[in-house]
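When reading the values below, keep in mind they use all heavy atoms of this one structure, side chains included, and skip hydrogens, waters and symmetry mates.
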Amino acid sequence: MTIEVGSQAPDFQLKDNHGRTVRLSEFRGEKNVVLVFYPFAFTGVCTGELCALRDELPRFENEGTQLLAVSNDSIHTLRVFAEKEGLEYPLLSDFWPHGETSRAYGVFDEGKGCAVRGTFVIDKEGVVRWSVVNGLPDARDLNDYVKALEAL
């Protein structure tokens, strides 16, 4: 079951594509967070979505907002993917324990072994204020993220 709007966002501790530990709670009181779950690096729709975020990065990563993208890939895969696509925001690995954070947000597809396309806008108090969950083949609309951030 997907985490509901109005709920406290589950905290997590994941390694990014450089091996650094990132905790959601680090941003509490400081920044809103756009948390983007995606199935796998190097796939067509995922690459398109993450590159679109790269191209509009100042809208999603600035003094008031932090963008975090999560997949079930290893940190090594994410490092190569970020370098290849010029992604400068954190790519977090939910590789092991496999899918633990994706499950906490209700976006892990047990049959496929990966996260579906879930996005959560989390305010500075750690409360989920907006979310959208799409199936594996369905890309998300970045303009929806912008509207959700503007509403905070």
Side-chain angles (χ1 to χ4, degrees), residues 1-18 20-73 75 78 81-82 85-95 99-110 112-152:
M1 180 183 235
T2 304
I3 192 87
E4 293 184 25
V5 171
S7 300
Q8 192 71 28
D11 197 14
F12 56 79
Q13 175 178 311
L14 297 171
K15 297 281 187 187
D16 73 5
N17 48 305
H18 298 289
R20 296 179 293 231
T21 300
V22 176
R23 292 174 187 81
L24 179 62
S25 56
E26 292 173 6
F27 304 102
R28 193 150 304 146
E30 303 290 324
K31 291 186 173 196
N32 300 308
V33 174
V34 177
L35 183 62
V36 177
F37 289 90
Y38 63 100
F40 293 114
F42 296 106
T43 58
V45 176
C46 295
T47 300
E49 285 187 316
L50 295 176
C51 288
L53 286 165
R54 174 201 64 206
D55 296 344
E56 298 290 330
L57 193 57
R59 298 170 91 179
F60 303 105
E61 190 169 280
N62 52 55
E63 66 183 44
T65 305
Q66 178 64 50
L67 173 63
L68 300 173
V70 181
S71 79
N72 303 113
D73 295 298
I75 63 171
L78 295 176
F81 181 56
E85 300 300 336
L87 305 175
E88 296 183 13
Y89 51 88
L91 302 183
L92 306 181
S93 174
D94 191 17
F95 184 71
E100 181 176 67
T101 300
S102 305
R103 281 184 185 90
Y105 281 81
V107 296
F108 190 77
D109 182 322
E110 296 291 340
K112 304 269 192 232
C114 65
V116 295
R117 297 179 194 290
T119 302
F120 302 87
V121 173
I122 302 165
D123 70 14
K124 292 177 183 178
E125 279 38 63
V127 176
V128 176
R129 293 297 177 192
W130 180 87
S131 70
V132 64
V133 178
N134 289 4
L136 294 177
D138 303 321
R140 294 159 282 195
D141 185 345
L142 294 186
N143 292 318
D144 292 341
Y145 305 1
V146 173
K147 289 176 192 169
L149 285 168
E150 288 172 352
L152 295 180

Please round to the nearest 0.5 Å and tell me the distance separating atom [atom1] of [X] and atom [atom2] of [Y].
X	Y	atom1	atom2	value
L67	K31	CG	NZ	10.5 Å
F12	S102	CZ	OG	10.0 Å
R129	D123	CZ	CG	4.5 Å
H18	L78	NE2	CG	10.0 Å
L142	E49	CG	CD	7.5 Å
T65	E30	OG1	CD	12.5 Å

Side-chain donor or acceptor of [X] paired with backbone N/O of [Y] under 3.5 Å:
X	Y	value
E85	C51	no
Q8	G126	yes
N17	L91	yes
D94	E100	yes

*Could you walk me through whether R117 and C46 pass the side chain to side chain contact (heavy atoms under 4.5 Å, CB included) test, one step at a time?*
CA-CA 9 Å; R117 297 179 194 290; C46 295; 3.3 Å; yes
Check salt bridge (charged side-chain N to carboxylate O under 4.0 Å, His left out) between [X] and all other residues, then give those that pass, not counting sequence neighbours.
X	result
R59	E56
E110	R103
D141	none
R20	D16

Under 4.5 Å between any side-chain heavy atoms of [X] and [Y], yes or no?
X	Y	result
Q66	N32	no
Y38	T43	no
F81	T47	yes
Y89	V36	no
F120	V107	yes
F27	I122	no
S93	L14	no
V133	Y105	no

*Out of L87, V45, D55, which residue meets the side chain to side chain contact (heavy atoms under 4.5 Å, CB included) rule with L50?*
L87
Taking all atoms of both residues into account, what is the closest heavy-atom pair of [X] and [Y], and its distance?
X	Y	value
R23	D11	C-OD1, 4.2 Å
T2	G106	OG1-O, 3.5 Å
G99	N72	CA-ND2, 3.5 Å

*Evaluation steps, side chain to side chain contact (heavy atoms under 4.5 Å, CB included), between V132 and D144*: CA-CA 9 Å; V132 64; D144 292 341; 5.7 Å; no
*asked:* Could you go through S131 and I3, starting from their C-alpha distance and side-chain angles, then the distance that decides it, and tell me whether this counts as side chain to side chain contact (heavy atoms under 4.5 Å, CB included)?
replied: CA-CA 9 Å; S131 70; I3 192 87; 6.0 Å; no
*Would you please name every residue forming a ring-ring contact (aromatic ring centres under 6.0 Å, His included) with F40, sequence neighbours left out?*
none
_Partner set under ring-ring contact (aromatic ring centres under 6.0 Å, His included) for F60, not counting sequence neighbours_ = Y145
